[in-house]
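Take a look at the structure set out below.
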Amino acid sequence: MRTDEEDFGTAGATPAHFGALKHYDPPLGPGAFVAVVGPSGSGKDTLIYRARDWFSGRDGIVFPRRMVTRPPEDVNEDHISITEADYGRIVEEKDAALTWRAHGLGYIVPSDVDAAIKSGAIVVANISRMAVADVIRNYSRAVVVLVTAPREVLAERLKARGRETPEEIASRLDRADYTLPPAPRMLMIDNVASPAKSSAKLINLIERLHLEVETMPL
Ligand SMILES: Nc1ncnc2c1ncn2[C@@H]1O[C@H](COP(=O)(O)OP(=O)(O)OP(=O)(O)O)[C@@H](O)[C@H]1O
Ligand SMILES: O=P(O)(O)OC[C@H]1O[C@H](OP(=O)(O)O)[C@H](O)[C@@H]1O
């Protein structure tokens, strides 16, 4: 099992470059933050994109594009490509909802997510398991969706996706059993069936949260 400290070491990051840059007390609401997490290759983006298509045109359900220090030509994720200098500046200016480093890359969930939560939106984002504690601390309605698949399935999917080298895939598989902090609200999706079946569970959760925000004040 890997720890945050080990990850800081391998990613060359420091605690100042990781997690929530702001700590909200009280936590932000009334909207909900749906943190989709799980090992690389489990299918987080696949399920998120299906949910995004399903809710296309619906107000109050937001799928933020992440900023990643990854070249723009990566077709697997609809992301905003940023440089390491951009990443450093955003962290320095505390201009993000969440930041973390993994796989040698810097990741940012943009700060406009916080305004969306304050307006009562449901925000759905693929984040690192290292950032879950910050989501739970900063958002009143934080729900963790843990997407899983057996290790051999992860290995096959990453190989078929073809984005990483065999060494990078091995390093991703090493993180497969990373332990999550306790989360008061969690949905597990064992994503071995069809993407349609698994994404229906995520869609159902988002619908229920949308109703909850509208009908149950904090
Ligand atoms: N239920 C499924 N059945 C078969 N293949 C799937 C399923 N879900 C996802 N995949 C495939 O597995 C691969 C990895 O999926 P995806 O990129 O969504 O994973 P991820 O969890 O977002 O990974 P990462 O954390 O590395 O971004 C993709 O090629 C995708 O098409
Ligand atoms: O292993 P942990 O820390 O949970 O996740 C680390 C990162 O790995 C994946 O990155 P990508 O989408 O493949 O770039 C996830 O999206 C997350 O951002």
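In each ligand, atom 1 is the first atom listed, and ligand 1 is the first ligand listed.
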*Measure the distance from atom 26 (O) of ligand 1 to every protein heavy atom, then report the residue, atom name and distance (to 0.1 Å) of the closest one.*
S40 OG, 2.5 Å
_Under a 4.0 angstrom heavy-atom cut-off, which atoms of ligand 2 come close to Y107?_
10 (O), 11 (P), 14 (O), 18 (O)
_Closest to atom 13 (O) of ligand 2 (judged by heavy-atom distance), picking from R129, R172, H103_ = R172
*Pull out every atom of ligand 1 sitting under 4.0 Å from any heavy atom of D45, numbered as shown with elements.*
18 (O), 22 (O), 27 (O)
*Could you tell me whether D86 and R89 make a salt bridge, using a distance below 4.0 angstrom between a side-chain N and a carboxylate O?*
yes
*Among all protein non-hydrogen atoms, which one is nearest to atom 29 (O) of ligand 1, and what is the separation to 0.1 Å?*
R161 CB, 4.1 Å
*Minimum heavy-atom separation for S199 to A196, with atom names?*
OG-O, 3.2 Å
*Heavy-atom pair of closest approach, residues T69 and G106*: OG1-N, 2.8 Å
*Hey, which atoms in ligand 2 end up nearer than 4.0 Å to a heavy atom of R70?*
11 (P), 13 (O), 14 (O)
_Check for me whether V37 has a heavy atom closer than 4.0 Å to any atom of ligand 2._
no
*Could you find the nearest protein heavy atom to atom 23 (O) of ligand 1 and give me its residue, atom name and distance?*
G41 N, 3.0 Å
*Is ligand 1 less than 4.0 angstrom away from at least one heavy atom of A160?*
no
*Identify, by atom number and element, the atoms of ligand 1 in contact range of R172, meaning under 4.0 Å from any of its heavy atoms.*
26 (O)
_Shared hydrophobic cluster for L209 and L47 (ILVMFWY, side-chain gaps under 4.5 Å)_ = yes
*Select one of side chain, backbone, both or neither to describe which atoms of A193 lie under 4.0 Å from any atom of ligand 1, heavy atoms only.*
backbone
*Which heavy atom of the protein is the closest neighbour of atom 11 (C) of ligand 1, given with residue, atom name and distance?*
R157 CD, 4.0 Å
*What residue and atom, counting heavy atoms only, is the protein's closest point to atom 9 (C) of ligand 1, and at what distance?*
T46 OG1, 3.4 Å
*Just let me know how E168 lines up against ligand 2, side chain, backbone, both or neither, with a heavy-atom cut-off below 4.0 Å.*
neither
*Looking only at heavy atoms, is any part of S198 under 4.0 Å from ligand 1, and if so is it the side chain, the backbone, or both, or is it neither?*
neither
*asked:* Using a 4.0 Å cutoff against the non-hydrogen atoms of S42, which atoms of ligand 1 qualify?
replied: 21 (O)
*Would you say ligand 1 has an N or O under 3.5 Å from any N or O of G43?*
yes
*Run the numbers for me: atoms of ligand 1, each under 4.0 Å from some heavy atom of P39, listed by number.*
21 (O)
*Measure from atom 5 (O) of ligand 2 to every heavy atom in S128, P39, A131 and give the option owning the shortest one.*
S128
*If you group Ile, Leu, Val, Met, Phe, Trp and Tyr by side-chain heavy-atom gaps below 4.5 Å, do L98 and V123 land in one group?*
yes
*Classify the angle between the aromatic ring planes of Y107 and W100 as parallel (below 30°), tilted (30 to 60°) or perpendicular (above 60°).*
parallel
*asked:* Quick check on the hydrophobic clustering: are Y139 and L146 connected, directly or via other members, by side-chain heavy-atom contacts under 4.5 Å?
replied: yes
*N or O pair under 3.5 Å between K44 and ligand 2*: no
*Are V143 and I206 connected, step by step, through hydrophobic side chains (Ile, Leu, Val, Met, Phe, Trp, Tyr) whose heavy atoms are closer than 4.5 Å?*
yes
*Is the number of heavy atoms from other residues, nucleotides or ligands within 6.0 Å of CD (E214) greater than 12?*
yes
*Is any side-chain heavy atom of L28 less than 4.5 Å from a side-chain heavy atom of N138?*
no
*Can you find an N or O of E164 that's nearer than 3.5 Å to an N or O of ligand 2?*
no
_Shortest non-hydrogen separation from M188 to T148 and the atoms involved_ = CE-CG2, 4.4 Å
*N or O contact, S194 vs ligand 1, cut-off under 3.5 Å*: no
*Can you tell which part of R163 has a heavy atom less than 4.0 Å from ligand 1: side chain, backbone, both or neither?*
side chain
*Specify the closest pair of heavy atoms between R157 and V192, including all atoms of both residues, with the distance to one decimal.*
NH2-CA, 4.1 Å
*asked:* Please report the interatomic distance CD(E168) to NE2(H103), rounded to the nearest 0.5 Å.
replied: 9.5 Å
*So, D95 versus S111: side-chain donor-acceptor pair below 3.5 Å or not?*
yes
*Of the protein's non-hydrogen atoms, which lies at the shortest distance from atom 20 (P) of ligand 1, and what is that distance?*
K44 N, 3.5 Å
_Test side chain to side chain contact (heavy atoms under 4.5 Å, CB included) applied to F55 and H210, step by step_ = CA-CA 11 Å; F55 290 110; H210 199 238; over 6 Å; no
*What residue and heavy atom of the protein are closest to atom 8 (N) of ligand 1, and at what distance?*
N191 ND2, 3.1 Å
_Let me check something: do V37 and L105 share a hydrophobic cluster, defined by ILVMFWY side-chain heavy atoms less than 4.5 Å apart, either directly or through other members?_
yes
*asked:* When you measure from the heavy atoms of Y178 to every atom of ligand 2, does any distance fall below 4.0 Å?
replied: no
*Touching ligand 1 at all, G38? Heavy atoms, strictly under 4.0 Å?*
no
